Each structure stands twice: as structure tokens, then as C-alpha cells.
Protein chains: 2
Amino acid sequence: MKKDRISINVIRRLPRYLRYLDDLAYKGVSRVSSSEMGKQMGLTASQIRQDFSCFGEFGQQGYGYNVDTLRRHIGTILGMSELRSAVIIGVGNLGRALMGNFDFDKYGFSLVAAFDLAPNVIGTEVFGLVVRDGSNFENFISEHDVDIAIMTVPKRNAHSVAKKLAAAGIKGIWNFTNIDLGISDSDVIVENVHFSDSLLSLSYFLSCQENDTEGKN
Amino acid sequence: MKKDRISINVIRRLPRYLRYLDDLAYKGVSRVSSSEMGKQMGLTASQIRQDFSCFGEFGQQGYGYNVDTLRRHIGTILGMSELRSAVIIGVGNLGRALMGNFDFDKYGFSLVAAFDLAPNVIGTEVFGLVVRDGSNFENFISEHDVDIAIMTVPKRNAHSVAKKLAAAGIKGIWNFTNIDLGISDSDVIVENVHFSDSLLSLSYFLSCQENDTEGKN
């Protein structure tokens with residue numbers, strides 16, 4: 001399997017497939033066709049078949065996909081069975097929201113430490129983790145060979161934190177700072193979360209609906 | 001402009017184009033070619049030209065796009081100049097993170113009210129808004145003709161809140177609950193934020209890198 005030959009668009013669709021399949025499994029559905037998936041997900045059946053064919057043969061013509069097999073397979077492709085370690089840098093509102101509500105285990109990550117700079121936060125327990133002194137996270141990361149860091153620090157600290165993370169040997173950063181971290185010359189894989197992309201899509205669809213309504217009046 | 005004929009994939013790319021163009025403008029770049037954009041964004045030049053052609057003619061062969069014109073145009077398409085009103089339902093950690101850090105104004109939204117159910121939160125001021133009693137947000141929404149609600153409530157409240165929002169005449173919901181709201185029979189446009197999609201992409205790229213490294217050893 002030549003993973004790195006696969007188009008980024010296919011990769012980005014895999015988590016969506018997984019959510020859809022999880023939902024089917026939850027509802028007790030054991031088999032699904034590419035056309036049924038396409039209808040539900042707003043994709044064509046042939047696109048879905050093409051996407052899955054990048055990773056081998058999952059289905060059988062005219063018979064559909066086995067939901068559980070496909071889920072497991074996509075989960076493995078996405079690295080969910082790797083059991084990676086994660087630390088969170090920045091225990092503000094967003095950091096706490098993730099620590100309290102996001103199911104890291106489900107996606108193959110174990111949250112092993114949380115760091116913050118605020119003296120009144122360091123040493124307190126937040127969702128089962130005692131917050132560590134954020135002025136010295138590098139030692140922890142290199143000693144424990146941590147895989148990823150979740151960056152929920154203020155924008156003004158983003159560059160310096162990213163640089164330190166890279167120097168400490170972090171492999172990936174899940175970046176919530178909405179800032180280009182400026183470490184593209186390193187080997188660190190950065191995944192940026194941009195809330196605005198999603199709000200702007202909503203904004204677009206609202207405009208479409210308004211135009212439609214005006215057209216009917 | 002037949003907005004609703006445009007593929008969902010094109011729409012989803014528009015906010016990314018906008019971010020890239022904002023970045024160019026910030027750096028003082030006034031003109032960009034589709035091939036330069038493609039290189040930076042991991043798309044082909046022809047895909048970019050095709051995307052933009054859905055909305056009319058922006059560029060000139062061999063001359064590139066004017067960064068400011070293109071930014072304005074994409075912003076208008078995405079409805080950023082509409083000045084819509086938003087309320088936030090759920091002033092927990094995630095709600096506060098958005099209230100404190102997300103630049104609603106920049107994207108054409110005005111955050112006009114925040115609601116919560118917790119007695120010790122109601123009446124307190126959070127980032128300039130006095131939190132209102134969340135047991136009765138419907139009146140506010142219909143009286144003020146609010147456009148969108150940002151749902152940052154616990155999962156267990158997601159269905160009931162969504163139903164009330166729909167009944168109160170909300171037009172769109174920005175849903176952070178990670179739950180299918182079950183109001184697909186209404187006219188409400190729901191935009192779901194799935195943090196896991198992004199983490200799983202990071203997970204995938206980590207796996208690729210590990211495979212590469214193993215290959216070299």
C-alpha cells in the first residue's frame with residue numbers, strides 16, 4: 001500500500017466515512033452499498049468506490065460493503081490502532097474543553113500530560129491530570145518520547161511554543177492557535193484547526209437559502 | 001450566478017482560498033497566479049481556475065489574479081458582508097473559548113447574546129456579554145430574528161436545544177456537540193464541527209512518516 005501516493009482529498013474524506021460507518025454500526029446496519037453511502041454523504045457511488053480502491057478491495061460488486069470490516073480497515077489506515085501519546089499545551093478554556101469532552105482514547109491517542117504557564121493553574125487537577133509548569137515541557141516530551149502536542153496557547157505564544165516543541169522532538173502538532181506556526185523547515189507534521197472555515201460554509205449556505213427565498217417572493 | 005449548482009467541494013475550498021489570500025495581502029503581495037496558488041495549497045492550477053470560474057471571471061490568462069479583488073469577491077460569495085446575528089447556547093469551556101478568541105466580526109457575524117442553564121453562570125459577564133437564562137432562549141431568538149445559534153451545550157442537551165432552536169425560527173446552527181441534531185426535516189441549516197476529522201488526518205500523516213522512516217532503516 002503506497003500510502004503517500006494517495007490524494008489528500010481522499011485522506012480528508014476517510015474520517016467522514018468512518019463517522020458515517022460508526023453511525024450505521026450504532027443503528028445495527030451490517031452492510032451498505034456505495035450508492036447508499038453516496039446518497040447519504042453527498043458523494044457519487046463511483047467516487048466512493050474509487051476512494052476505497054486506493055487502499056485495496058473492500059467490497060463486492062452488487063453486494064456492498066461489510067460495515068464492521070470497512071470501519072476497522074479505515075481505522076487502521078488512519079492509524080487509530082497505533083496508541084500514540086499526546087500532551088496539551090495551554091489549559092485555558094479551549095484546552096479544558098478538549099480535555100473534558102474530547103474522546104482521545106477512541107481515536108488512538110492517550111493524553112499523558114497538560115502544561116500551562118499561569119501560576120494559579122500549575123499544580124491544579126483538570127479532568128484527572130495535574131497541570132505541569134509550561135515553562136519546561138521540552139524535557140517531558142523528549143524523556144517520554146511524546147508523539148503529538150495539542151496547542152491551545154494564546155496566539156502571541158504560538159511561534160515560541162512550536163519552535164520548542166520541534167526542538168524537543170515532537171512528531172506532530174494539532175494546532176488550534178489559528179496561526180501559521182512557522183516550522184515548515186522541520187519534520188513536524190502540523191494539522192491546523194480553522195473554525196472559520198466551517199462558519200464560512202454555514203454563512204454561504206445561509207446566503208443560498210436567502211436567495212432562494214427572495215426568488216420565490 | 002447559480003450558487004446552488006456549485007459543488008460542495010468547491011464551496012469547502014473557498015474559505016481556504018480566503019485564508020491564503022489574506023496571508024498574501026498581509027505580506028504585501030498584490031498579484032498571484034493559479035499555479036503559484038496551487039503549489040502553495042497542494043492543488044493543481046487548473047483545479048483552481050475551474051473553481052473560480054464557477055463564480056465568474058476573476059483573472060486574466062498569463063497575468064494572474066489581483067489578490068484584493070479576489071479576496072473581496074470570495075468574501076462576498078461566502079456571505080461575509082451580510083452582517084448576521086448569532087447567539088451562543090452553552091457558556092462552558094468551549095463556549096467561552098469561542099466568545100473570547102473567535103473573531104466573529106471578521107466573518108460577518110455579530111454575537112448578540114449568550115445563554116446557559118447553570119444558576120451560577122446566569123447573570124455573570126463573560127467577554128462583554130451578560131449570560132442569559134438558557135431555559136428561555138426561544139423568545140429572544142424570535143423577537144430579535146437571530147440568524148444563527150452556536151451550540152456548545154453538553155451532548156445530552158443537544159437534541160432538545162436543537163428542536164427548540166428550530167421551533168423559534170433559527171436559520172442556521174453551528175453545531176459543536178458532535179451529535180447528529182435530528183432536525184433534518186426542518187429548514188435549519190446545520191454545520192457540524194468534528195474535531196476528530198482533523199485529529200485523524202494528523203494520525204494518518206504520522207503513520208505515513210513512520211512507514212517512511214522504517215523503510216529507510
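Order of the sequence lines fixes the chain letters, A, B, ..., with proteins taken first and strands second; residue numbering starts at 1 for each chain. Small disclaimer: the values here were computed from a predicted structure and weren't measured.
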Query - Parallel, tilted or perpendicular: rings of Trp174(A) and Phe195(B) (30°, 60°) - result: perpendicular
Query raised in the report: chain B heavy atoms under 4.5 Å from Phe205(A): which part of the residue, side chain, backbone, both or neither?
Result: both
Report task. Just give me the residue among Leu202(A), Leu94(A), Asp103(A), Asp23(A) that pairs up with chain B most often, heavy atom to heavy atom, under 4.5 Å. Result -> Leu202(A)
Query raised in the report: Between Arg96(B) and Arg96(A), is any pair of side-chain heavy atoms under 4.5 Å apart?
Result: no
Query raised in the report: Are the side chain of Ser203(A) and the backbone of Leu78(B) linked by a donor-acceptor contact shorter than 3.5 Å?
Result: yes
Requested in this report: Answer yes or no: is there a side-chain heavy-atom contact under 4.5 Å between His194(B) and Arg16(A)?
Outcome: no
Report task. Heavy-atom distances under 4.5 Å only: say whether Asp187(A) touches chain B with side chain, backbone, both or neither. Result -> both
Report task. Give, as side chain, backbone, both or neither, the part of Leu98(A) having an atom under 4.5 angstrom from any heavy atom of chain B. Result -> side chain
Report summary line: Minimal heavy-atom distance between Ser201(B) and Pro15(A), with the atoms involved, is OG-CG, 4.4 Å
Report task. Quickly, which of Glu191(B), Arg12(B), Arg19(B) forms a side chain to side chain contact (heavy atoms under 4.5 Å, CB included) with Asp197(A)? Name it, please. Result -> Arg19(B)
Query raised in the report: How far does CG of Leu200(B) sit from CD1 of Ile77(A), to the nearest 0.5 angstrom?
Result: 12.0 Å
Report summary line: The interface call for Ile8(B) against chain A, heavy-atom contacts under 4.5 Å, is side chain
Query raised in the report: Looking only at heavy atoms, what is the nearest atom pair of Lys171(B) and Gln209(A), with distance?
Result: O-OE1, 4.3 Å
**Report entry** Between OH on residue Tyr204(B) and CD1 on residue Ile74(A), distance to nearest 0.5 Å
**Finding:** 12.5 Å
Query raised in the report: Can you check whether Leu199(B) reaches Phe102(A) side chain to side chain, under 4.5 Å on heavy atoms?
Result: yes
Requested in this report: Check the surroundings of atom CD in Gln50(A): do more than 12 heavy atoms from other residues, nucleotides or ligands lie under 6.0 Å from it?
Outcome: no
Query raised in the report: Between Gly42(A), Ser196(A), Gly108(A), which residue shows the highest count of heavy-atom pairs closer than 4.5 Å to chain B?
Result: Ser196(A)
Query raised in the report: Ile173(A) versus chain B, heavy atoms under 4.5 Å apart: side chain, backbone, both or neither?
Result: backbone
Report task. Tell me, for Leu18(B) versus chain A, whether the close heavy atoms (under 4.5 Å) come from the side chain, the backbone, both or neither. Result -> side chain
Query raised in the report: Side chain, backbone, both or neither: which part of Arg84(B) has a non-hydrogen atom closer than 4.5 Å to chain A?
Result: side chain
